[in-house]
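Got a structure here, written out as structure tokens. Questions coming.
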Protein chains: 2
Amino acid sequence: MDKTKKERLAAAGWRAGDAGEFLDLSTEEAAFVELKLALADYLREVRSRNGWTQAQVARRLGSSQSRVAKMEAADASVSIDLLVKALLGLGASRTEVGNVIAKPA
Amino acid sequence: MDKTKKERLAAAGWRAGDAGEFLDLSTEEAAFVELKLALADYLREVRSRNGWTQAQVARRLGSSQSRVAKMEAADASVSIDLLVKALLGLGASRTEVGNVIAKPA
DNA sequence: GAAGGATATGTCAGAATTGACATGGCGTCA
DNA sequence: TGACGCCATGTCAATTCTGACATATCCTTC
């Protein structure tokens with residue numbers, strides 16, 4: 001199973017329980033994917049909490065609706081850098097970002 | 001002042017106090033750089049705590065000594081993804097990474 | 001069930017990141 | 001002084017990421 005497929009699957013429906021349950025993710029790979037999912041989920045939460053559309057968020061960040069959708073889906077083409085920059089750009093603090101990453105879902 | 005120069009300066013000697021003191025970093029840019037510096041510093045700490053050389057760490061991570069040096073220097077060519085993967089690869093937990101990011105230096 | 005707004009997915013050219021190599025600097029030891 | 005180990009910096013080809021566009025899928029509301 002290639003890396004793309006793994007991230008795709010993980011991003012798709014494996015937020016219940018540990019990602020990498022019967023996927024062949026090493027523990028570090030699983031931790032990485034989970035960390036990314038946590039940020040993606042939080043991004044969506046911040047957006048909906050403020051009643052924004054993906055297009056509005058995209059405008060704020062100087063990006064596009066499709067990329068915001070991919071961010072929220074933790075798509076394989078989205079980096080942690082992008083997610084962190086997006087959260088900071090929407091007003092989240094460094095501490096807030098850290099807590100999202102640290103907290104076990 | 002361009003982005004590269006800013007990160008370079010910040011990475012060089014501005015860990016005392018807030019980066020972006022008299023640099024023209026916006027608050028989000030400053031938060032991003034500080035976050036990156038925190039991870040870089042922690043990487044160096046983990047390495048020295050274990051008594052490893054940069055070359056040894058590089059071997060463990062499947063990278064090179066020069067890239068590890070750049071990671072620890074929070075070089076502009078280093079992504080947060082790379083820093084996070086490095087820390088996880090050296091045995092740090094997701095929570096540990098989150099705490100490093102969250103803690104106000 | 002057509003229309004419209006919102007979100008999802010595929011693709012791609014341009015930009016950014018990465019491992020590797022070369023080389024330079026620094027401290028230590030003989 | 002020279003040799004050696006460790007860290008820093010510059011460069012670059014290959015890979016990966018990103019914004020943008022096109023298009024598809026969902027929901028509501030009428």
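Chain A is the first sequence line, chain B the second, and so forth, proteins listed ahead of strands; every chain is numbered from 1. Values below: every heavy atom of this structure, side chains too, minus hydrogens, waters and symmetry copies.
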Closest-nucleotide ordering on DNA chain C, the 5'-leading residue of A/R67 and A/R44: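 Of the two residues, A/R44 wins.
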Presence of donor-acceptor pair under 3.5 Å, side chain of B/Q65 and base of C/dA20: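 Such a pair does not exist between side chain and base.
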SB check B/K85 A/E28 (cutoff 4.0 Å):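 Answer for the salt bridge query: no.
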Heavy-atom side-chain proximity of B/K36 to B/L83 below 4.5 angstrom: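 Yes - at least one pair of side-chain heavy atoms lies under 4.5 Å apart.
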Touch class at under 4.0 angstrom, heavy-atom based, for A/S64 against every strand present: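 Counting heavy atoms under 4.0 Å across all strands, the contact made by A/S64 includes a base.
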Close residues, residues 48-62 of chain B, relative to DNA chain D [heavy-atom separation under 4.0 Å]: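 Those residues whose heavy atoms fall under 4.0 Å from DNA chain D, taken from residues 48-62 of chain B in numerical order, are B/T53, B/Q54.
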Protein-nucleotide distance (A/D75, atom CG; D/dG19, atom P), rounded to Å: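 Distance, rounded to whole Å: 13 Å.
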Heavy-atom side-chain contact between B/W52 and B/R60 under 4.5 Å: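 Answer yes - side chains close enough.
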Contact nearer the 5' end of DNA chain D, comparing B/R47 with B/D81: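 Whichever sits nearer the 5' end wins; that is B/R47.
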Contact check, side chains of B/R67 and B/V78, non-hydrogen atoms, under 4.5 Å: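 Yes; the side chains approach each other to less than 4.5 Å.
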Heavy-atom check, side chain of A/E72 versus side chain of A/R47, under 4.5 Å: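 Result yes, sub-4.5 Å side-chain heavy-atom pair found.
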Distance, rounded to the nearest Å, where A/E72 contributes CD and C/dA6 contributes P: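 Nearest whole value for this atom pair: 14 Å.
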Under-3.5 Å donor-acceptor pair between B/K70 side chain and C/dG19 base: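 No.
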Non-hydrogen side-chain atoms of A/L90 and A/L61 separated by less than 4.5 Å: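 Answer yes - side chains close enough.
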